[in-house]
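See structure below.
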Amino acid sequence: MQSAKSGKADELGERTRAMSLDLAALEEADNSSVWLSDLLSASQTGQASETAQQVDLAGLQAKINTLIQQLETATSEVALETDVTIKDIARATPRLAFDLQLMRENALLLRYTLDRIQSTNASATQTNGVTRPPVGQSAERDEPVKEDIHAVMERLALLDLVKTRMEATRVVLREAESWSTLEAEITSLLALSEFVKAAERLSEASKSLVVFRETPEYEQRHALMTSLQNQLEASLSASLIAAITDKDVKRCRDFYAIFSQIQREVEFRNYYFASRRTSILATWSSASLVEQSSSAATQDHQPVAFTAFFESYCADLLALLEEERITIAAIFPDPADTLASFLQSLIESQSPTFGQRLAAVSEYHAARALPELINAYHATEAFCVQVDRVMTKQSGTHNATATEEPVNVDPASARRDRRASVKRLSFSRRSSSKSDISGAVVPAASVVIRGWEAALLEPFLDLQSNYSEFERMFLLAELSQRTSASAFQASLSALSEIADARAARMLIEHGQSAFAMAEDGLRRVIDFTHGYAMVGYVAAVDSVLSDFYTNRASIVIASREQQRKKRADADRRRVTQGSAGGRPELDGLDYSPDDWATFQLGIRLLGSCRQLAQRASSFETNARNRISMLNRGTNAREDVREAALGTTPSAIMMLRQSTLNSVEFAELLKSVEAASRDGHGHILCSDAKAKSSELAQACQALLHDVILGPLLSALASYADLHVWTQQGHPEQQSKAMVVQIPTFSVSPTETISRLGEGLFNLPRLFEVYADDSALGFSIETLPFVDPKALHQPSPPAILRARPNQSPEGHENGHASSPSASYFTRSKEDAPLTLNSEDVISLWLTSLALSVLDYLTMGVLPGIRELSAAGASQLAGDLSYIANVAHALDAQNAGLEDWRRMLEANEAQVKQQAALRDSVAMHVQRMRGWHDSQRK
């Protein structure tokens with residue numbers, strides 16, 4: 001091996017020595033490359049001279065450097081000359097266009113000049129219809145020139161027309177030739193899997209399709225184009241689905257480019273969306289929910305509530321969107337719109353639909369569906385907020401990379417995608433006005449409701465619009481669970497001190513529960529409708545509270561009727577005792593132990609009503625404050641985006657465009673706001689307030705019955721006393737026919753005496769309960785109380801019995817329940833400030849007037865016959881009881897009318913009877929004066 005190396009070194013040395021022999025010829029050579037070739041050839045052939053000089057390597061290196069410098073200089077000069085040439089061409093190109101334009105204008109000017117010369121010659125040869133040859137020329141010589149110019153111009157026009165039509169024909173022929181081979185070319189390209197070339201060929205053919213738009217061949221060629229595009233799409237579909245499934249971004253991007261060239265971007269999106277949403281849709285469809293009747297429990301999957309499933313489903317869907325946000329940005333030129341379209345298509349492809357799921361929740365949970373719907377709405381709003389953040393990140397990422405990776409986008413397809421991802425509500429869901437709840441006009445286009453948001457939130461609109469019914473059913477269900485009307489009724493029927501206390505406490509607890517649930521409804525209406533269903537909430541609460549008061553009032557009335565029957569039975573068996581109740585301080589009052597128990601029950605129930613009224617006032621204040629806050633909040637946030645706290649602007653805008661934003665809603669807000677400014681409370685639950693008043697009246701009527709029961713029971717047989725038909729001395733009778741009946745000379749009957757004693761004993765009954773504030777509650781609803789007089793600074797009240805008014809409900813000798821004929825409801829909202837003396841005075845006067853009203857309108861008309869002595873006795877009784885009533889500050893106009901007619905003579909009575917005076921007509925019938933008149 002060393003010998004081989006030494007041989008190569010010797011050969012290199014010989015070649016070097018051979019090269020030095022011809023170094024002198026380098027100066028004479030014209031081309032160094034030629035010299036170097038010759039030198040190498042000579043060294044290879046072995047013709048080098050033995051006497052060659054040693055090669056001057058340093059000189060050779062210097063020569064090479066010189067040549068390199070010359071080469072670089074020459075290169076720089078060539079580059080400079082090239083730049084100058086390019087600049088000259090760049091400057092000359094615009095000048096060329098200008099020159100061409102100038103030539104065109106000169107040609108047009110020449111043509112115009114020739115036409116003017118021709119017209120001038122024609123006009124110069126004719127004057128007044130006589131042809132005159134021009135000066136210096138003959139007509140014979142001018143005519144050939146004119147004809148030649150005209151012929152040349154016509155020839156030029158013909159040639160231009162032929163050229164233009166031939167060019168158009170050439171284009172058509174080329175396109176026709178291209179279309180004749182299009183199908184074969186595409187088929188061969190598809191067979192070779194040259195999809196990109198096939199797409200480019202179809203794109204070119206699609207552009208030329210416009211040429212045939214007005215020709216008979218257009219429909220045929222358009223059908224051919226569609227068929228070839230379908231073939232290309234079918235050929236790509238399997239590979240496309242595989243690439244989407246494998247998440248091969250590069251291949252998907254290439255496929256999108258192919259679909260874009262054949263105007264099939266929408267179809268590509270459909271392939272992509274259908275493939276990417278398969279797994280999440282399977283999760284939705286296969287969910288095991290308790291709200292579905294078909295859902296069966298298995299060992300691995302127990303049915304769950306929809307709200308629990310929906311929260312986990314939203315988390316999975318959000319994770320899918322985060323993943324697609326990156327993938328879509330790498331494939332599509334408009335990632336934000338594409339991601340929105342993907343979400344919308346996913347939601348709309350759910351089976352069963354989102355709306356059907358919510359309907360199943362509403363149907364399954366029935367009266368208790370509202371909390372479930374609220375939870376679903378909360379989860380939906382939270383999901384919308386998170387998706388909005390994802391969309392914002394997607395838009396920001398796309399804007400940041402748009403300048404780095406420009407992509408050609410078809411404007412028409414982009415517009416289609418945007419239209420597919422944006423959806424507005426129909427005007428059928430809008431209210432009659434375009435104003436928001438505060439009255440400020442909000443343009444309908446101020447917020448664009450995106451398609452995916454509408455798909456999620458629109459199913460809630462029907463449920464939100466029917467909020468009043470959902471709230472009412474929920475309150476009734478909760479109230480029936482927490483309270484028991486039957487237990488309250490059983491406590492009232494027991495009539496014992498323990499049962500009475502329990503009944504009063506139960507009424508308070510039940511009412512407190514009802515108002516607590518109503519206050520919870522304020523939170524529910526805000527959570528589910530952002531306050532826009534406040535009108536429905538108020539209506540639902542008013543209805544439920546009204547039903548509660550009505551139910552309790554009916555129970556009290558039923559208990560009152562039961563006590564009436566017991567008292568009637570006891571009256572028939574009882575022997576009058578001095579102190580039936582066994583209480584020394586109430587001696588002289590003919591009350592049984594049941595009467596005292598009922599009296600205490602009535603007092604306690606009135607106290608419970610008073611506490612419920614305070615709770616109702618507190619609830620009304622809280623509700624008005626919340627409505628005022630809602631009104632001020634919406635006035636301060638005219639921008640929907642600022643109002644969308646915790647949700648998206650689209651959710652608020654959809655509620656504003658719904659029927660919930662009604663005129664009634666605006667009026668409710670304005671009335672509450674105006675009432676708060678004026679310092680007066682606006683009554684929200686007016687029906688409930690009226691029903692609470694009826695409950696108080698029922699409790700007051702219960703007290704009336706038990707207090708007046710022993711007094712009125714004595715009047716049951718008053719109309720049948722034999723004293724009314726007793727005949728006096730004839731002289732006295734004849735004298736009575738002429739002279740008026742004396743009033744104070746007749747002693748009252750025993751019945752009236754006992755009645756008067758009972759009325760005189762009533763103050764002692766109330767002295768025991770003088771400090772009980774329950775008696776002063778709802779004092780304006782007592783029978784015969786004038787509510788307006790209670791609010792005046794003069795005496796506490798003016799009580800008057802209304803004459804000629806038939807009492808309602810007098811049965812078995814007991815007073816009727818207070819009705820609308822006895823009192824007028826107060827429209828004043830100011831609270832009453834009455835001391836205990838005024839309260840007792842009002843009660844005593846009301847009781848006395850009730851007795852007088854029952855006597856004059858329920859007992860006296862029942863007297864069948866009245867003699868002169870009987871009339872005298874009756875007038876004496878009425879005078880006595882009137883004095884007793886006057887002592888109790890009670891005046892009854894009907895009582896005075898009876899006494900006056902009894903003291904009148906026959907002529908006076910008949911005169912008043914002719915005027916349709918009811919008292920006079922009764923007295924006329926009793927005295928038998930109408931019979932004598934007939935005779």
Side-chain angles (χ1 to χ4, degrees), residues 273 276-277 280-281 283-285 287 289 291 305-322 324-325 336-362 369-370 372-394 418-426 429-430 447-467 527-530 532-533 640-641 643-658 660:
F273 294 167
R276 298 299 299 147
R277 70 193 179 205
I280 195 72
L281 288 181
T283 302
W284 174 270
S285 301
L289 305 177
E291 289 84 0
F306 171 74
T307 53
F309 161 75
F310 186 62
E311 291 178 356
S312 62
Y313 176 78
C314 287
D316 296 340
L317 185 54
L318 189 65
L320 176 62
L321 292 178
E322 285 286 358
E324 291 300 322
R325 181 177 67 85
D337 292 340
T338 303
L339 185 62
S341 299
F342 171 68
L343 178 57
Q344 180 182 348
S345 67
L346 191 152
I347 297 172
E348 293 177 348
S349 301
Q350 292 172 342
S351 178
T353 64
F354 188 43
Q356 290 173 344
R357 292 283 197 197
L358 294 178
V361 171
S362 175
L370 185 57
E372 296 294 327
L373 294 176
I374 292 175
N375 292 335
Y377 188 67
H378 280 178
T380 304
E381 284 186 314
F383 176 72
C384 289
V385 172
Q386 293 173 334
V387 171
D388 191 58
R389 294 172 183 171
V390 174
M391 296 296 178
T392 302
K393 290 191 293 185
Q394 182 72 292
R418 281 193 293 272
R419 285 196 299 268
S421 61
V422 176
K423 183 178 181 181
R424 292 183 182 275
L425 292 180
S426 62
R429 290 195 176 273
R430 290 180 52 82
V447 173
V448 176
I449 301 175
R450 293 167 289 189
W452 61 270
E453 288 178 305
L456 283 171
L457 298 173
E458 191 171 8
F460 286 99
L461 281 181
D462 291 337
L463 303 174
Q464 291 167 330
S465 299
N466 199 27
Y467 180 84
D527 290 345
F528 194 47
T529 66
H530 295 279
Y532 281 87
V640 179
R641 293 175 178 83
L645 299 178
T647 184
T648 61
S650 296
I652 301 298
M653 196 62 190
M654 291 175 71
L655 288 170
R656 289 192 177 184
Q657 292 179 345
S658 69
L660 292 175

Going through the checks in order, is the side-chain contact (heavy atoms from CB on, under 4.5 Å) test met by F342 and L320?
CA-CA 11 Å; F342 171 68; L320 176 62; 4.0 Å; yes
Could you tell me whether a side-chain N or O of T392 sits under 3.5 Å from a main-chain N or O of D388, the two making a donor and an acceptor?
yes
Once you round to the nearest 0.5 Å, how far does CG of L281 lie from CG of L346?
4.5 Å
Out of curiosity, L317 CG to L343 CG, how far, rounded to the nearest 0.5 Å?
6.0 Å
Measure centre to centre between the rings of F460 and F354, then say whether the value is under 6.0 Å.
yes
As a quick check of understanding, evaluate side-chain contact (heavy atoms from CB on, under 4.5 Å) for V387 and L456, giving each step before the final call.
CA-CA 12 Å; V387 171; L456 283 171; over 6 Å; no
Looking only at atom types and distance, does a side-chain atom of E291 sit under 3.5 Å from a main-chain N or O of F306, one as donor and one as acceptor?
yes
Is there side-chain contact between T338 and F273, with at least one heavy-atom pair below 4.5 Å?
yes
Write down the atom of E322, the atom of K393, and the distance for their closest heavy-atom approach.
OE2-NZ, 3.2 Å
Got a second to check how far T380's OG1 is from E311's CD, nearest 0.5 Å?
10.0 Å
Taking atom types as modelled, is there a side-chain donor on S658 or Q464 under 3.5 Å from an acceptor on the other?
no
Is there a side-chain contact between L370 and F528, using heavy atoms and a 4.5 Å cut-off?
yes
Is E324 salt-bridged to R277, cutoff N-O under 4.0 Å?
no
For G355 against P459, the heavy-atom pair lying closest together:
CA-CB, 3.8 Å
Is any side-chain heavy atom of V385 closer than 4.5 Å to a side-chain heavy atom of E381?
no
Of all heavy-atom pairs linking T529 and L655, the shortest is O-CD1, 3.4 Å
Working to the nearest 0.5 Å, report the span between CD of Q344 and CZ of R450.
11.5 Å
Can you label the angle between the W284 ring and the F310 ring as parallel, tilted or perpendicular, going by 30° and 60°?
perpendicular
Supply the atom-to-atom distance S345 OG to Q350 CD, rounded to the nearest 0.5 angstrom.
10.5 Å
Expected output: side-chain T307 to main-chain E372 donor-acceptor under 3.5 Å:
no
Non-hydrogen atoms of W452 and A340 that approach each other most closely
CD1-CB, 3.9 Å
Can you find a pair of side-chain heavy atoms, one from I449 and one from L457, that are under 4.5 Å apart?
no
